[in-house]
Amino acid sequence: MYDSLDKNVDVENLALLPSGIHFRNYCLDDNNEKRVETFLDTLFDPHQSLPVTIEKHLTIIKSYISGGKPFEEFCTEVRKYNKSILCGFVWTNATISYRCRTCAANPCMSLCSDCFHNGNHQGHDANMFRSIGGGICDCGDVTVMNSNSFCKHHGPNRIPNAQIPYKLIRCAQILLPRVILRFVQHLRSHVSPIKSNTYSTIEEFTSLTSLFNLFDDLSNAGSCIRSIFTDCLLNIELYEKFNTQPSINDLSNISYNIYLQQLNETSSLLMPISLRTDNSSVYFHIKKATCLFDEILFWLVKYQIPERLLKFLLMLLTDLNFKRSCIQSFLNIYVMVIDQLIHCRNSRERMHSARLVHISVQLFSNIDITVQAIKDYHLMELILSSLYSIFSNIQINCQLQKPKENYHLVIYDIDFSKNMHYWPIISDFINILSHEYASKEFLLEKRFFITWIKMISWFQGMNVNHHEIESEILLQSNMNYLFAFTMETECCAMVLWTINAHIMKPDFLDITTKVINYLFLEVKQWFSSIGFEQYKDIIKNQVTFHIPLHRYISILSYLSLNYQNGELKTLFPIENEKFLLNLAIFPLRIQVVKYEILTNTIWSYHSYEMQIQSDMYSSTHGNICSYMNDADIFLLQLISTLVNINKFMEMFFKSFYVHEWLVQNTENNLIFEKSSYITLLEGSLIVLATIVAFSPHLVLDDFEHRRAEIINALVIQDCHYSYLDEHMGEPKSFATSKYDIQSIVDDIAEYISPTIDITNQPKQGQYKLKDFLWEDEFDPLHVLSRISRRDLFETTMQRYTKW
Ligand SMILES: [Zn+2]
Ligand SMILES: [Zn+2]
Ligand SMILES: [Zn+2]
């Protein structure tokens with residue numbers, strides 16, 4: 001019975017609604033089409049709010065869908081006819097899931113626990129993890145994992161089920177599109193009409209929880225139901241009919257116009273000049289919807305990606321055909337999300353907008369979809385324009401050299417808590433580049449890589465540290481140095497590593513040479529914009545740890561020389577000695593600063609911040625040492641072989657202040673105390689030895705590299721496995737790397753069982769380097785490159801002598 005306080009129209013009409021079984025009979029007879037329509041008009045009358053309709057009539061709706069059967073029974077029955085080859089189990093909150101590096105073809109691969117346990121992963125490098133951001137099970141998707149390990153229910157080789165009986169599914173086919181149409185009306189009616197504040201609404205649709213629960217149950221009933229949804233969402237005629245039907249006069253808030261008005265208010269994304277071609281447009285505009293799916297995606301972003309609506313769409317994405325057809329619609333609204341990310345006012349809004357990656361990871365992990373999006377829908381332009389727009393929004397003047405003569409711009413964000421908004425887009429970019437086709441296209445098309453090089457130049461010279469305590473500089477000494485390190489590794493390093501994985505073969509020599517060439521041009525441009533003419537002019541009371549252009553040159557040259565048969569004389573401007581010395585001075589300056597910090601006097605006002613930066617610079621964590629310290633050392637090694645050795649040595653020792661100590665032998669004239677000069681002299685000799693004798697580790701997924709790093713860690717101290725796993729692992733998103741730590745550790749170290757102490761608490765055992773390795777592979781220079789505290793080095797040497 002219904003509350004008599006409600007509009008009496010409602011009560012009257014409801015009396016006319018048939019039971020589930022009768023509804024089914026009407027549905028199965030085409031002559032009753034009109035009658036069925038009338039019932040549904042009554043049931044989904046837009047005069048009543050959708051939450052109220054759902055609250056009151058959920059039982060009727062369910063019994064109509066199931067044609068009078070108990071709803072659960074109907075779902076179980078329908079599931080027997082599931083056709084989907086993909087599992088597609090969706091989770092949006094912290095859930096235990098699995099990853100198998102042996103089977104993964106994509107670093108983002110994840111499996112639900114049913115599929116993992118029913119699949120074939122014996123002896124594989126698999127691990128269980130707590131997926132915090134949410135995800136979808138990839139079982140059955142040949143583009144994401146090895147098909148031999150699909151569980152028996154998924155994948156192309158599963159035994160196909162029979163065709164679903166017409167009588168079973170007919171009612172759902174008629175009713176569900178009506179639910180969707182009513183839902184879109186609800187989305188329209190809910191929007192705030194305030195013009196100036198377009199993104200003010202965060203709407204989680206809690207009043208529609210029962211409807212979303214119904215959607216979940218139906219989607220879980222398998223492909224037969226999901227295809228009703230997807231057919232309806234992509235149907236162009238249905239959408240046209242929906243928008244041209246005579247509007248209900250007293251309900252202008254559900255009309256098509258509402259959507260059009262909101263669409264007009266959205267801003268467009270500007271394409272940077274370097275990306276444009278003669279016939280490309282200057283802006284990415286959001287195009288008008290052509291189907292319900294387009295419009296629902298629009299509202300999804302408008303309401304800042306509410307979790308339940310997102311989940312509904314994610315469940316539908318397990319249909320491969322649907323996934324393929326929706327990429328264009330998705331890219332269309334991508335622009336809106338960028339705008340939101342730039343303008344988000346707090347971490348909550350940012351977190352909401354970042355949920356976009358749940359969809360994008362589904363689309364961009366698929367090779368075919370990504371390739372199609374690059375070829376047909378300007379994906380590369382879109383993603384680069386997005387990054388360009390995000391980064392160009394957070395820039396200030398570079399503080400290197402004399403700030404007044406410096407017109408270079410660098411990335412900077414005063415509010416550390418706000419800055420992570422670039423992350424979803426960088427993560428999409430890396431995911432896209434993980435496909436060889438995309439990386440190749442990125443390098444082959446000059447517009448793409450020069451735009452990216454321009455962007456990384458904005459990281460070049462970030463976060464300058466100064467000796468002096470000036471009030472202005474003290475203000476800066478918040479967490480910005482952490483931000484700068486995170487940014488450079490997450491953006492510059494990760495992108496480079498992702499591309500490098502594809503180009504370590506001679507076919508890519510030409511492209512690599514071209515890219516390096518552009519990097520040189522960009523560095524020259526950078527020198528002139530920071531007002532730097534020659535290496536002697538470098539100002540010594542300051543330093544930046546951020547020189548990605550240098551690092552790109554170094555790592556790409558290393559790769560070219562070692563894997564592409566590249567030659568230094570074609571890669572480097574070997575004639576231009578002055579330029580090469582200028583190029584060397586910035587990485588050299590960082591090496592000097594490592595020892596300036598050790599003097600305890602030169603950077604005394606900022607010793608804490610400087611120590612942390614120096615540690616991060618050579619940290620094995622996430623392989624930062626490879627991208628920063630080792631890349632810088634390698635560049636110095638290359639340049640030292642190309643320039644006049646006397647000039648190099650002069651520059652080198654002058655940088656370490658050795659010259660001034662030698663020349664001005666009356667101590668009164670010296671700037672620092674004598675002990676500082678001794679520390680610096682010692683430093684210069686270590687760095688010189690490193691330049692001469694250290695072999696830097698510059699490519700990921702290199703067995704020798706990882707082994708050497710782990711030996712080095714065990715030389716410094718005996719380690720717990722968890723320490724090695726955390727500090728020696730490759731960056732998390734490179735989960736597909738072939739060499740796992742455990743097998744290396746088993747080979748090079750002895751396991752020392754835990755000792756039980758008096759508290760009787762269990763202790764983790766430690767690993768100790770095998771004795772013979774001390775003789776064969778201990779490399780003091782390697783130790784010195786990875787630690788900045790001298791006492792650690794002393795202990796290491798004691799361990800060595802003891803052995
Ligand atoms: Zn499965
Ligand atoms: Zn699964
Ligand atoms: Zn496996």
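First listed ligand is number 1; within each ligand, the first listed atom is number 1.
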* Check whether the ring centres of Tyr98 and Phe129 lie less than 6.0 Å apart, and answer yes or no. => no
* Measure from the Zn ion (ligand 2) to each N, O or S atom of Cys139 and report whether any distance is below 2.8 Å. => no
* **Angular separation of SG (Cys100) and ND1 (His124) seen from the Zn ion (ligand 3), to 10°** => 110°
* **Check against side chain to side chain contact (heavy atoms under 4.5 Å, CB included), Leu187 and Leu300** => CA-CA 9 Å; Leu187 291 171; Leu300 176 80; over 6 Å; no
* To do: Tell me, please, if Cys151 has any N/O/S atom, main chain or side chain, under 2.8 Å from the Zn ion (ligand 1)?
  => yes
* May I ask you to check if any N/O/S atom from Cys115 comes under 2.8 Å of the Zn ion (ligand 2)? => yes
* Taking the six-membered ring for Trp, is the centroid-to-centroid distance between Tyr563 and Phe508 below 6.0 Å? -> no
* Asked: Can you tell me the N, O or S atom of His121 that's nearest the Zn ion (ligand 3)?
  -> ND1
* Asked: Does the shortest distance from the Zn ion (ligand 2) to an N/O/S atom of His154 fall below 2.8 Å?
  -> no
* Asked: Does the side chain of Asp231 come within less than 4.5 Å of Leu238's, by heavy atoms?
  -> no
* Parallel, tilted or perpendicular: rings of Phe215 and Phe229 (30°, 60°) -> perpendicular
